[in-house]
Novice: 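Before we start, here is the structure in question, set down as C-alpha cells.
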Amino acid sequence: MQAALRFGEIELKGQFMLGSNYTFLVTIHHGGQDFPAVYKPFGGEQPLWDFPDNTLALREVAAYLVSEGLGFHFVPYTILRTEGPHGPGSLQQYIQFDPEYHYFNFALEDKERLRPAVLFDLLINNADRKGSHLLVEEGTRKLWLIDHGICFHEQEKLRTVLWDFAGQPIPPELLSSLEHLPHLRGLLEPYLSRGEIAALSARARELLREPTFPFQPSDRRAMPWPLI
C-alpha cells in the first residue's frame, strides 16, 4: 500500500463536501491493484489568518511522522505527492469505517482508548479535533486519527472535544514515548518551520514537567466548531 501511494497513478473519484478545504477521494492504481486514498491539494486550501498559506498538507504529513516516530501508529500512512490531479498535496491511506460511529456515541471501551490521542493532540497543538476525526476501523476495531491540517502552531491553539481525562495523570508509558521526539527533528524539517519544531519540543518538555491532562482553559474557546 505504501508503494502504491508513493508511486501509483492517482484517479479522482469524488469530493468530500464537508469542510472548508477541498478534499478528494481518489483511487491509486499500482501494480495491478487499486487502493482508496484521500488527496488534499495545496490549491484547495482556504487561507487562514493564523496559519501560513499552502502549509496544511505539509502538517498532515508531519502529524503522520510524529505518530509513527512516537510509536502511536494511529495516523493513516500519509505522504506528500508533488504531482496530482489538482497539483501537489498530501495523500493519505483511506480507512474503512462507519461514519455514524464517532466520539459522541463511542462505547465506553472505545472512549477509554483515547488517552494516547489526547496526549498526541496536546503535543501537536491540534486546533481542530472534532468528534468525527476519530475513526474505528471496520473489522479490526483499530483506532485512527485524521485531519491534522491545522496543527503545530507556535502559539497555543488547542481546540478539541476530548476533555474526558482532564485533571488525571498522564500514564508513564505514554510519557515515555516523548523521549523519541528529538530524533524526529530532521524528518520534520521539510514540513514545519524551525519555530514550529522548537514549539513542539517545548510542549513535550512541559508535558514531562507537568504530566497531567489539562482542564479546558477559561480565557478562550477550546472546542472546535462544528463539534462533529
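Residues: numbered from 1 along the sequence shown.
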Novice: Tell me whether K40 is salt-bridged to E45, with the criterion being a basic N under 4.0 Å from an acidic carboxylate O.
Specialist: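 Salt bridge absent between K40 and E45.
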Novice: Are the side chains of F215 and W163 in touch, meaning some heavy atoms are under 4.5 Å apart?
Specialist: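 No, every pair of side-chain atoms sits at 4.5 Å or beyond.
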Novice: Just verifying a value: how many Å separate L178 CG and R203 CZ, rounded to the nearest 0.5 Å?
Specialist: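 Here the rounded value is 11.5 Å.
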Novice: If you compare all heavy atoms of R159 against all heavy atoms of R220, which two are closest, and at what distance to 0.1 Å?
Specialist: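 Here R159 and R220 meet closest at CG-NH1, 4.3 Å.
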Novice: Please round to the nearest 0.5 Å and tell me the distance separating atom CD of E9 and atom CG of D34.
Specialist: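 Those atoms lie 9.5 Å apart.
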Novice: Does NZ or CZ of K111 come closer than 6.0 Å to the centre of the six-membered ring of Y103, within 45° of the ring's axis?
Specialist: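 Positive - K111 is close enough to the ring of Y103 and near enough to its axis.
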Novice: Only one of N125, I124, V118 passes side chain to side chain contact (heavy atoms under 4.5 Å, CB included) with D121; say which it is.
Specialist: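 Answer after filtering N125, I124, V118: I124.
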Novice: Could you grab the distance from atom OH of Y94 to atom NZ of K13, nearest 0.5 Å is fine?
Specialist: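 Nearest 0.5 Å value for the OH-NZ distance: 13.5 Å.
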Novice: Rounded to the nearest 0.5 Å, what separates atom CE in M1 from atom CZ in F35?
Specialist: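 M1 CE to F35 CZ: 8.0 Å, rounded to 0.5 Å.
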Novice: Do I170 and T212 come close enough that some side-chain heavy atom pair is under 4.5 Å?
Specialist: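 Contact flag for I170/T212 side chains = no.
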Novice: For the residue pair Q93 and P36, establish whether any side-chain heavy-atom pair is separated by less than 4.5 Å.
Specialist: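 Sidechains of P36 and Q93: no contact.
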Novice: Do W144 and V136 have side chains that get closer than 4.5 Å, going by heavy atoms?
Specialist: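 Answer no - side chains too far apart.
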Novice: Got a donor-acceptor contact below 3.5 angstrom from the Y101 side chain to the A107 backbone?
Specialist: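 Checking the backbone N and O of A107 against the side chain of Y101, a donor-acceptor pair under 3.5 Å is found.
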Novice: Using side-chain heavy atoms (C-beta onward) and a distance below 4.5 Å, is D128 in contact with H133?
Specialist: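 Sidechains of H133 and D128: in contact.
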Novice: What are the two closest heavy atoms between G84 and I10, and how far apart are they?
Specialist: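 Looks like CA-CD1, 4.3 Å.
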Novice: Grab the two heavy atoms, one from F213 and one from L122, that are nearest each other, plus how far apart they are.
Specialist: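 Shortest heavy-atom contact: CD2-CD1, 4.0 Å.
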Novice: Is any NZ, NE, NH1 or NH2 atom of the basic residue among R129 and D147 found under 4.0 Å from an Asp or Glu carboxylate oxygen of the other?
Specialist: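 Answer for the salt bridge query: no.
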Novice: How close do T78 and Y64 get, counting heavy atoms only, and between which atoms?
Specialist: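 Closest heavy-atom pair between T78 and Y64: O-CD2, 3.5 Å.
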Novice: Would you mind checking if R115 and E112 are paired as a salt bridge, meaning a charged N to carboxylate O distance below 4.0 Å?
Specialist: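 Yes, this pair counts.
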Novice: If we count only N and O atoms by modelled type, under 3.5 Å, do the side chains of H29 and E11 hold a donor and an acceptor together?
Specialist: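 Judged by distance alone, the side chains do pair up.
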Novice: Can you measure from NZ (K130) to CZ (F104) and round to the nearest 0.5 angstrom?
Specialist: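 These two atoms lie 11.0 Å from each other.
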Novice: Between R209 and E206, is there a side-chain N and carboxylate O pair less than 4.0 Å apart?
Specialist: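 E206 and R209: salt-bridged.
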Novice: Could you report the tightest heavy-atom contact between V161 and M223, atom names first, then the distance?
Specialist: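 Heavy atoms of V161 and M223 come nearest at CA-SD, 4.1 Å.
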Novice: Can you measure from CG (L119) to CG (L114) and round to the nearest 0.5 angstrom?
Specialist: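 Reported to 0.5 Å precision, the distance equals 12.5 Å.
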Novice: Does the side chain of L91 reach to within under 4.5 Å of the side chain of V26, using non-hydrogen atoms?
Specialist: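 Side chain of L91 against side chain of V26, heavy atoms only: contact under 4.5 Å found.
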Novice: Please verify the inter-ring angle class for H148 with F120; under 30° counts as parallel, over 60° as perpendicular, anything in between as tilted.
Specialist: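 The arrangement is perpendicular - the two ring planes meet at more than 60°.
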Novice: With a 4.5 Å heavy-atom cut-off, do R185 and E189 have their side chains touching?
Specialist: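 R185 reaches E189 side chain to side chain.
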Novice: What are the two closest heavy atoms between G131 and H102, and how far apart are they?
Specialist: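 Result for this residue pair: O-CB, 3.6 Å.
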Novice: Any carboxylate oxygen within less than 4.0 angstrom of a Lys/Arg side-chain nitrogen, looking at R81 and E83?
Specialist: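 Looking at R81 and E83, the cut-off is met.
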Novice: With no hydrogens and no angle check, just 3.5 Å: does a side-chain donor-acceptor pair link S201 and R205?
Specialist: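 No.
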Novice: Could you point out which residue of Y22, F42, F24 forms a ring-ring contact (aromatic ring centres under 6.0 Å, His included) with H86?
Specialist: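 With H86 as partner, ring-ring contact (aromatic ring centres under 6.0 Å, His included) holds for just one option, F24.
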